[in-house]
Amino acid sequence: MVLKMHGELSSADVGDKLGITGEAARQQLLRLAADGLVEACPVPSKAGRPTQIWSLTPAAQSHFPDTHAALTVQILDIVRATLGEAALDQIVAQREADTLKLYSAATADLTALTDRVDALAQARSTEGYMSSWSQAEDGSILLIENHCPICAAATSCQGFCRSELSVFQSVLGDDVAVERLEHVVSGGRRCSYSIRPISS
């Protein structure tokens, strides 16, 4: 979970986040490596031996939430083959409308952008996206999603990703610009979004 949420880390950093020693964390990482779930890459350090930086392997992904990926892709393929792309577009549009309604309700009484982003991140985390956010000094916000529970479906039909970006924009308002910076479907470790207030 630590590597999933924070990306590549040294054993000392893992230990800090878990409240244990770096050596204890290294022992755990070695066990996970033996199971093929993590791997280490040496990174040169300013002094002494290279630092081992740990990351998840593709095999580790099966240990995180998955929304019945194979069945979802099969259903999408059947819809596409039997009913056509227009039917698939209708499904995406309906999901977008339902999601917009849900997120709009979660943010309805909130006026501050940070409050709206926080409510959106909480809603997304409930759905398995492992979301978090932070604000920079210039007022921009970085929304991060460390997991995509619909990755297989989004890979099969990228309309889902386009509609999510549209929903974020609608929920957060016309006074902000939402831009996707990282994309799991395009090979990124996570999805991330820049949210910037638009100056009048």
Side-chain angles (χ1 to χ4, degrees), residues 1-9 14 17 28-41 53-106 119-133 142-171 178-193:
M1 285 291 287
V2 167
L3 290 176
K4 185 69 169 170
M5 291 292 290
H6 300 283
E8 299 176 344
L9 295 171
V14 172
K17 294 186 182 304
Q28 296 294 331
L29 289 163
L30 288 171
R31 289 189 188 96
L32 292 171
D35 292 335
L37 300 176
V38 300
E39 57 188 4
C41 179
I53 300 297
W54 295 87
S55 61
L56 296 174
T57 64
Q61 303 308 318
S62 63
H63 290 263
F64 297 97
D66 184 17
T67 313
H68 310 295
L71 177 60
T72 302
V73 171
Q74 182 183 20
I75 291 171
L76 292 173
D77 288 344
I78 291 170
V79 169
R80 183 181 282 117
T82 59
L83 302 175
E85 288 291 338
L88 202 54
D89 291 342
Q90 283 184 296
I91 291 171
V92 172
Q94 185 59 57
R95 182 178 187 272
E96 180 177 339
D98 292 345
T99 304
L100 178 58
K101 183 177 179 181
L102 179 67
Y103 296 170
S104 294
L120 177 61
Q122 289 184 42
R124 298 288 283 178
S125 288
T126 300
E127 296 173 358
Y129 288 88
M130 298 171 67
S131 300
S132 63
W133 65 277
L142 180 66
L143 174 65
I144 294 171
E145 298 187 334
N146 290 289
H147 183 63
C148 179
I150 65 160
C151 187
T155 301
S156 175
C157 175
Q158 297 216 6
F160 289 116
C161 294
R162 286 192 301 273
S163 78
E164 283 184 341
L165 195 56
S166 175
V167 166
F168 290 176
Q169 184 68 68
S170 297
V171 167
V178 182
E179 177 189 4
R180 181 183 283 120
L181 303 177
E182 298 171 277
H183 196 199
V184 169
V185 170
S186 299
R189 182 185 71 79
R190 62 191 186 181
C191 287
S192 65
Y193 303 84

- Interatomic distance, Leu29 atom CG to Leu37 atom CG [nearest 0.5 angstrom]: 11.0 Å
- Is the shortest heavy-atom distance from the side chain of Glu164 to the side chain of Tyr129 under 4.5 Å? yes
- Value for SG (Cys41) from CD1 (Ile53), rounded to nearest 0.5 Å, stands at 8.0 Å
- For Thr57 and Glu39, indicate whether the former's side chain and the latter's backbone hold a donor-acceptor pair under 3.5 Å. no
- Supply the atom-to-atom distance Asn146 CG to Met5 CE, rounded to the nearest 0.5 angstrom. 5.0 Å
- How long is the gap from CG on Leu9 to OG on Ser55, to the nearest 0.5 Å? 9.5 Å
- Salt bridge present between Asp77 and Arg80 (N-O < 4.0 angstrom): yes
- Query: To the nearest 0.5 Å, how far apart are OG in Ser170 and CD in Glu96?
  - Reply: 7.0 Å
- Task: For residues Leu76 and Phe160, determine if any side-chain heavy atom of one lies less than 4.5 Å from a side-chain heavy atom of the other.
- Result: yes
- Heavy-atom closest pair (Val92 atom, Gly159 atom, distance to 0.1 Å) is CG1-O, 3.4 Å
- So, does Ser125 use its side chain to make a donor-acceptor pair with the main chain of Ser131 at under 3.5 Å? yes
- Message: What I'd like to find out is whether the side chain of Gln169 reaches to under 4.5 Å of the side chain of Tyr193, using heavy atoms alone.
- Response: no
- Message: I need the minimum non-hydrogen distance between Gly128 and Pro149, along with the two atoms involved.
- Response: O-CD, 3.7 Å
- With the side chain counted from C-beta on, respond yes when Leu181 and Leu142 share a heavy-atom pair under 4.5 Å apart, and no when they do not. yes
- Do any N or O atoms from the side chain of Arg95 and from the backbone of Ser163 form a donor-acceptor pair under 3.5 angstrom? no
- Aromatic ring pairing His147/Phe64, orientation class (parallel under 30°, perpendicular over 60°, tilted between): tilted
- Item | Heavy atoms of other groups near Met1 CE, more than 12 under 6.0 Å | no
- Quick one: closest heavy-atom pair of Val185 and Ala154, and the distance? CG2-CB, 3.8 Å
- Member of His183, Glu145, Glu182 meeting the side chain to side chain donor-acceptor pair (under 3.5 Å) criterion with Arg190: Glu182
- Item | Thr126 side chain to Gln122 backbone, donor-acceptor under 3.5 Å | yes
- Under 4.5 Å between any side-chain heavy atoms of Val14 and Trp54, yes or no? no
- Taking the side chain from Ser192 and the backbone from Leu143, do they hold a donor-acceptor pair closer than 3.5 Å? no
- Item | Test side chain to side chain contact (heavy atoms under 4.5 Å, CB included) applied to Leu56 and His63, Glu8, Arg189, Gln61, the passing residue | Gln61
